[in-house]
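Here the structure comes first, spelled out in structure tokens, and everything after it is commentary.
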There are 2 protein chains.
Amino acid sequence: MDTRTRILHAAADLLARSPEADVSTRAVCEAAGVGAPVLYRQFGDKEGLLSAVVDFGFEQYLAGKRAAKPSNDPVRDLRDGWNNHVAFALENPNFYRLMYSPGLSAPPGAAAEAHGLLLAVLERCAAAGRLRVSPELAAQMVMPANAGVALLLITRPAIYSDAAEVSARVREAIVTAVTTPDEPPRTPRPDGEVSVLAASLGAVLRAAPASPLSGTETALLLEWLARLADA
Amino acid sequence: MDTRTRILHAAADLLARSPEADVSTRAVCEAAGVGAPVLYRQFGDKEGLLSAVVDFGFEQYLAGKRAAKPSNDPVRDLRDGWNNHVAFALENPNFYRLMYSPGLSAPPGAAAEAHGLLLAVLERCAAAGRLRVSPELAAQMVMPANAGVALLLITRPAIYSDAAEVSARVREAIVTAVTTPDEPPRTPRPDGEVSVLAASLGAVLRAAPASPLSGTETALLLEWLARLADA
DNA sequence: TGGTGGCGTTAACGGCGATACGTCCTACAG
DNA sequence: CTGTAGGACGTATCGCCGTTAACGCCACCA
């Protein structure tokens, strides 16, 4: 096994077992059977090590999920993504804390990937006409609520008697605010449908940028559509 | 000035200025002009010091808010509380991070007080018939969403172009899920109003426990009402 | 065979949280 | 007023941590 991955495994193991979500570089080096400088040669910094460890654990977690991901109901995928997010946090609390809470100046990449996955699901929702705001704004709404639920379930477990219930309630509150109801509205009301149409059109344009408009024109149009969707 | 409060002031000052949300006991002692053992005599631990600092800052913050607090519209107070929460987090990011994020084994008391304040507002909402779930569940929904928005606005400011917009959107999503609309429903529908009635009755009973029921009976009744409200 | 550059170790530095111990100031009995 | 006891304070120190300088080893290439 590569020395780097050996250090990574040792650090991940120690971190998962640590009750205080903290690992010392010395302990990692001893567990990996290497001297201190190799660690700094490989990761440059303790923060670099921790970022790599978080990415490592998150990637490992995603590997099991990437298989049968996209269903034909993107809103269902949105709900599943929320539940997976919370489940991952509850199963790997130390990793999750490192991912969102502390002062890691460089966001560990896993967070960016999670954001990207969420955005992809929301784009599909918009393409299906199920989004009432722009995917960007929807992501900016879903992510804090999801992370907040996960973080408080981790850090204040005593307060939340029924974790699944609270998570589902907040999830539905956000999903309701962000998506249109399952059954399409019978009579498309002349008013209030602008946002849905704008969000859908934006998603279609983003998916298939082949249009008679130039790149800058398309960009501006997309910005206007987002503004319409979010109005 | 008392030595303890001098240390508290010094620590709060250093913490507020610290870019990395971390303070060394040595720096605090030097700034306060005391030796190290005094600090440990007063607070026992670095964690004890930080908890005291957070409580100190939060209490100072609440002092300015406690004056003209209760309006005649409890739902408006709920919204104001949300906004104040976010504003406090954005103005005192280091205090807020300490309050929610790290491994402070003893929740700093300020968090408990914030929870209590939220619960009081929600009780008033229920008493006014504006809550569709029990105050406890509502608090368990509002708190994570509110904290999640505040935390991600602090830790990932680059992602959130318009902080106020996102905060307001998530707030409205939660408020909508938790409260009944402003105008009372014209015709009280025979179905679906059970939860509102149960929540209101529970709030009234909690406010004025003088009832022909015994204490244990009242407790059980309140539990049932909560179950009805949350069904 | 003699560089040469990655990869590893030993040893050390400075800073941190925490504490043992001597010293000094204060308060009170005579 | 004076002597003494007790508690508060500062000095020096310990052990741990993150980090790095200096050096040794070994495979590869001209």
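A note on names: the letters A, B, ... follow the listed sequences, proteins ahead of strands, and every chain is numbered from 1. Atom set for the values below is all heavy atoms of this structure, side chains included, hydrogens, waters and symmetry mates excluded. Remember, it's a predicted structure, so these values are computed and weren't measured experimentally.
Judged by distance alone, with hydrogens and angles left aside, the side-chain atoms of B:Arg130 form no donor-acceptor pair with the main-chain N or O of B:Thr179 at under 3.5 Å. A donor-acceptor pair under 3.5 Å is formed between the side chain of A:Asp77 and the backbone N or O of A:Ser71. Looking only at distances, no side-chain donor or acceptor of B:Thr5 sits under 3.5 Å from a matching main-chain atom of B:Leu8.
A:Arg79 has no carboxylate O lying under 4.0 Å from a charged side-chain N of A:Asp73, or vice versa, which leaves the two without a salt bridge.
Smallest separation of non-hydrogen atoms from A:Ala139 and A:Leu119: CB-CD1, 3.6 Å. When all heavy atoms are compared, the tightest approach of A:Ala111 to B:Arg156 is CB-NH2, 3.9 Å.
Counted within 6.0 Å of CG on A:Asp2, heavy atoms from surrounding residues, nucleotides or ligands total more than 12; the atom is thus considered enclosed.
Among residues at least two apart or in separate chains, salt bridge (Lys or Arg N to Asp or Glu O under 4.0 Å) pairs with a member in residues 110-120 of chain B are B:Arg66-B:Glu113. Within the structure, no pair that satisfies the salt bridge (Lys or Arg N to Asp or Glu O under 4.0 Å) test touches residues 26-44 of chain A, not counting sequence neighbours.
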Derivation and outcome, ring-ring contact (aromatic ring centres under 6.0 Å, His included), residues B:Tyr61 and B:Phe95: CA-CA 11 Å; B:Tyr61 164 80; B:Phe95 283 66; over 10 Å; no
Candidate pair A:Asp80 and A:Arg171, rule salt bridge (Lys or Arg N to Asp or Glu O under 4.0 Å), full reasoning: CA-CA 10 Å; A:Asp80 287 351; A:Arg171 159 167 56 75; over 6 Å; no
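Between chain B and DNA chain C, the heavy-atom contact criterion of under 4.0 Å yields a 5' to 3' nucleotide range of C:dC16 to C:dA20.
Listed by residue number, the members of residues 2-12 of chain B with any heavy atom below 4.0 angstrom from DNA chain C form an empty set. Annotation: proximity of residues 38-45 of chain B to DNA chain C (heavy atom, distance under 4.0 Å) is found for B:Tyr40, B:Asp45, numbered in ascending order. Using a 4.0 Å cutoff on non-hydrogen atoms, the parts of residues 23-36 of chain B near DNA chain C are B:Val23, B:Ser24, B:Thr25, B:Arg26, B:Ala36, ordered by number.
Between A:Phe88 and A:Asn92, the closest side-chain pair of non-hydrogen atoms falls below 4.5 Å.
Atom CG of B:Asp22 is separated from atom C1' of D:dG18 by 13 Å (rounded to the nearest Å).
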